[in-house]
Amino acid sequence: MSIHETAQIHPSAVVEPGARIGAGAIIGPFSLVGAQVVLGAGVHLKSHAVVTGRTEIGDETVIFPGAVVGEIPQDLKFKGEQTRLVVGRRNRIREGVTMNTGTEGGGGLTQVGDDCLFMTGSHVGHDVMVGNRVIMANQAALAGHCKIEDDVIIGGLSGIHQWVRIGRGAIIGAVTMVTNDVIPYGLVQAPRGELDGLNLVGLKRKGVARSDITALRAAYQMLAQGEGAFADRARRLGEETESPYVKEIVTFILGQTDRSFLTPR
């Protein structure tokens, strides 16, 4: 066990032998820290939080009451193999959130980036890859093997099917089931997840240039109405555009995937 001298641990908390606790960490009442856990500097576990398994929590992340981080996967194929969960810096993991370690068949790692917000009751399944600045609203859930790129927002009570990729800057409306890949900057809504335009509000908030937004609008129309298969339209876009935002969409569409795509209506 390695506990930094500046760490604060409530007398009712349980820290199992072998855990590593960084400088300035705070472990609140009735919380549990498992034997293979590493907590970075300034991590704060509020009361009744559980961090277990082979789990690393980055500096200044806050875990709220009732969250369970690092438990085994909800996968019947899991047989107790040693897999991991790595959570980055400055994340906010709210009440009742669950995050699972990976599986051997999925690469053995579940990973979360920096500066994310996981609201009450949201779930990150096994072998999921979450980028930076991602927001998951209340009760949203990521099934196994999903890949969520930077700056994605997932609305409350929404579910993302296993193996789905969601591109950077996309937004998923509340109470939406997403069963196929979502292009970068896409806007998805409706109960069965329909691609219904671009996340224009998010683009404008990030200060994306008007010329790039215009290029994205034109690209979306070509993907919706152009000739040929969806991938063929994307290839033509890549040949014709100079916008880095449109090129990002093209790269995403032509990348490796285990699902098909939500396509423009």
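FYI, the numbering just counts along the sequence from 1. Excluded from the calculations below are hydrogen atoms, water molecules and symmetry mates; all remaining heavy atoms, backbone and side chain alike, are included.
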For His123, what residues pass the side chain to side chain donor-acceptor pair (under 3.5 Å) criterion, not counting sequence neighbours? Gln74, Thr98
Any idea how Phe230 and Phe261 line up, ring-wise: parallel (<30°), tilted (30 to 60°), or perpendicular (>60°)? tilted
Find out whether Leu216 and Leu203 are in side-chain contact, i.e. whether some heavy atom of one side chain is under 4.5 Å from a heavy atom of the other. yes
Main chain of Val37, side chain of Arg20: is a donor-acceptor contact present, judged purely on distance under 3.5 Å? no
When rounded to the nearest 0.5 angstrom, what is the spacing between CD in Glu71 and OG1 in Thr55? 9.0 Å
To the nearest 0.5 Å, tell me how far Gln36 CD sits from Thr52 OG1. 8.0 Å
If only atom types and distance count, is the side chain of Thr61 paired as donor or acceptor with the main-chain N or O of Asn91 below 3.5 Å? yes
Quick one: do Phe118 and Ile171 end up in the same hydrophobic cluster if we chain Ile, Leu, Val, Met, Phe, Trp and Tyr together by side-chain heavy atoms under 4.5 Å apart? no
Does any donor atom in the side chain of Thr103 or Asp75 lie under 3.5 Å from an acceptor atom in the other side chain? no
Considering all heavy atoms of both residues, which atom of Ala137 and which atom of Gly155 are nearest to each other, and what is their separation? CB-C, 3.7 Å
Under a 4.5 Å cut-off applied to non-hydrogen side-chain atoms, are Val86 and Leu109 in contact? yes
Asp181 vs Arg165, salt bridge (Lys or Arg N to Asp or Glu O under 4.0 Å): CA-CA, chis, key distance, verdict: CA-CA 5 Å; Asp181 290 356; Arg165 300 180 303 149; 3.0 Å; yes
Any chance you could lay out the side-chain contact (heavy atoms from CB on, under 4.5 Å) test for Ile57 and Val69, step after step, and finish with the verdict? CA-CA 9 Å; Ile57 306 294; Val69 178; 4.0 Å; yes
Does Ala41 offer a backbone N or O that forms a donor-acceptor pair with the side chain of Asp59 under 3.5 Å? yes
What is the distance from atom OG1 of Thr101 to atom CG of Leu85, rounded to the nearest 0.5 Å? 7.0 Å
Any side-chain heavy atom of His145 sitting closer than 4.5 Å to one from Val164? no
Identify whether Val208 and Leu198 are in the same connected component of the hydrophobic contact network (ILVMFWY, side-chain heavy atoms under 4.5 Å). yes
Looking at OG of Ser31 and NZ of Lys46, how far apart are the two atoms once the value is rounded to the nearest 0.5 Å? 11.0 Å
How long is the span from the SG atom in Cys146 to the CD1 atom in Ile154, to the nearest 0.5 Å? 8.0 Å
Between Ala234 and Leu254, the two heavy atoms sitting closest are CB-CD2, 4.4 Å
Is there a side-chain contact between Val130 and Val128 (heavy atoms, below 4.5 Å)? yes
Examine Ile166 and Tyr220 and state if one hydrophobic cluster contains both, with Ile, Leu, Val, Met, Phe, Trp and Tyr joined whenever side-chain heavy atoms are less than 4.5 Å apart. yes
Looking only at atom types and distance, does a side-chain atom of Thr6 sit under 3.5 Å from a main-chain N or O of Ala25, one as donor and one as acceptor? no
Please give me the minimum heavy-atom distance between Ala7 and Gly22, naming the atom from each residue. CB-O, 3.8 Å
State whether the side chain of Gln221 and the backbone N or O of Ala219 hold a donor-acceptor pair below 3.5 Å, judged by distance alone. no
Return yes if some donor-acceptor pair links the side-chain N/O of Ser12 with the main-chain N/O of Phe30 below 3.5 Å, else return no. yes
Charged N to carboxylate O under 4.0 angstrom, Arg233 versus Glu227? no
What is the minimum heavy-atom distance between Gly102 and Asp127, and which atoms define it? CA-OD1, 3.3 Å
Would a single hydrophobic cluster contain both Val250 and Ile213, if residues Ile, Leu, Val, Met, Phe, Trp and Tyr are joined by side-chain heavy-atom contacts under 4.5 Å? yes
Applying side-chain contact (heavy atoms from CB on, under 4.5 Å) to Ile253 and Ile183, what does each step give before you reach the verdict? CA-CA 7 Å; Ile253 293 172; Ile183 61 173; 3.9 Å; yes
Report whether Val51 and Val62 are members of the same hydrophobic cluster (ILVMFWY, side-chain heavy atoms less than 4.5 Å apart, transitive linking). no
In terms of heavy-atom contacts, Ala170 and Val182 come closest through CB-CG1, 3.9 Å
Side chains of residues 184-193: which donor-acceptor partners sit under 3.5 Å, not counting sequence neighbours?
unit_1 : atom_1 : unit_2 : atom_2 : d
Tyr185 : OH     : Arg168 : NH2    : 3.0
Tyr185 : OH     : Glu248 : OE1    : 2.8
Gln189 : NE2    : Asp196 : OD2    : 2.6

Would Met119 and Met136 satisfy side-chain contact (heavy atoms from CB on, under 4.5 Å), going step by step from the backbone distance to the final call? CA-CA 6 Å; Met119 297 188 193; Met136 291 184 65; over 6 Å; no
So that I can tick it off, tell me whether Asp115 and Arg133 are bridged by a salt bridge, with the cut-off set at under 4.0 angstrom between side-chain N and carboxylate O. no
May I have the step-by-step check of side-chain contact (heavy atoms from CB on, under 4.5 Å) for Phe78 and Thr83, ending in yes or no? CA-CA 10 Å; Phe78 181 75; Thr83 58; 4.0 Å; yes
When you measure from the side chain of Asp114 to the backbone of Arg89, do you find a donor-acceptor pair of N or O atoms at a distance under 3.5 Å? yes
List the atom pairs, with distances to 0.1 Å, where a side-chain N or O of residues 239-247 and a protein N or O form a donor-acceptor pair under 3.5 Å, not counting sequence neighbours.
unit_1 : atom_1 : unit_2 : atom_2 : d
Thr241 : OG1    : Ser243 : N      : 3.1
Ser243 : OG     : Asp212 : OD1    : 3.0
Ser243 : OG     : Tyr245 : N      : 3.3
Ser243 : OG     : Val246 : N      : 3.4
Lys247 : NZ     : Thr241 : O      : 3.3

Tell me which one of Ile63, Ile9, Ile21, Val50 satisfies side-chain contact (heavy atoms from CB on, under 4.5 Å) with Leu45. Ile63
For the pair Ser158 (side chain) and Thr176 (backbone), establish whether a donor and an acceptor sit closer than 3.5 Å, ignoring hydrogens and angles. yes
Heavy-atom closest contact (Ala19 atom, Gly34 atom, distance): CB-O, 3.3 Å
Any donor-acceptor N/O pair, Thr214 side chain to Arg210 backbone, under 3.5 Å: yes
dist Asn180:CG -> Glu194:CD (nearest 0.5 Å) comes out at 12.0 Å
Asn100 backbone acceptor or donor facing Thr110 side chain under 3.5 Å: yes
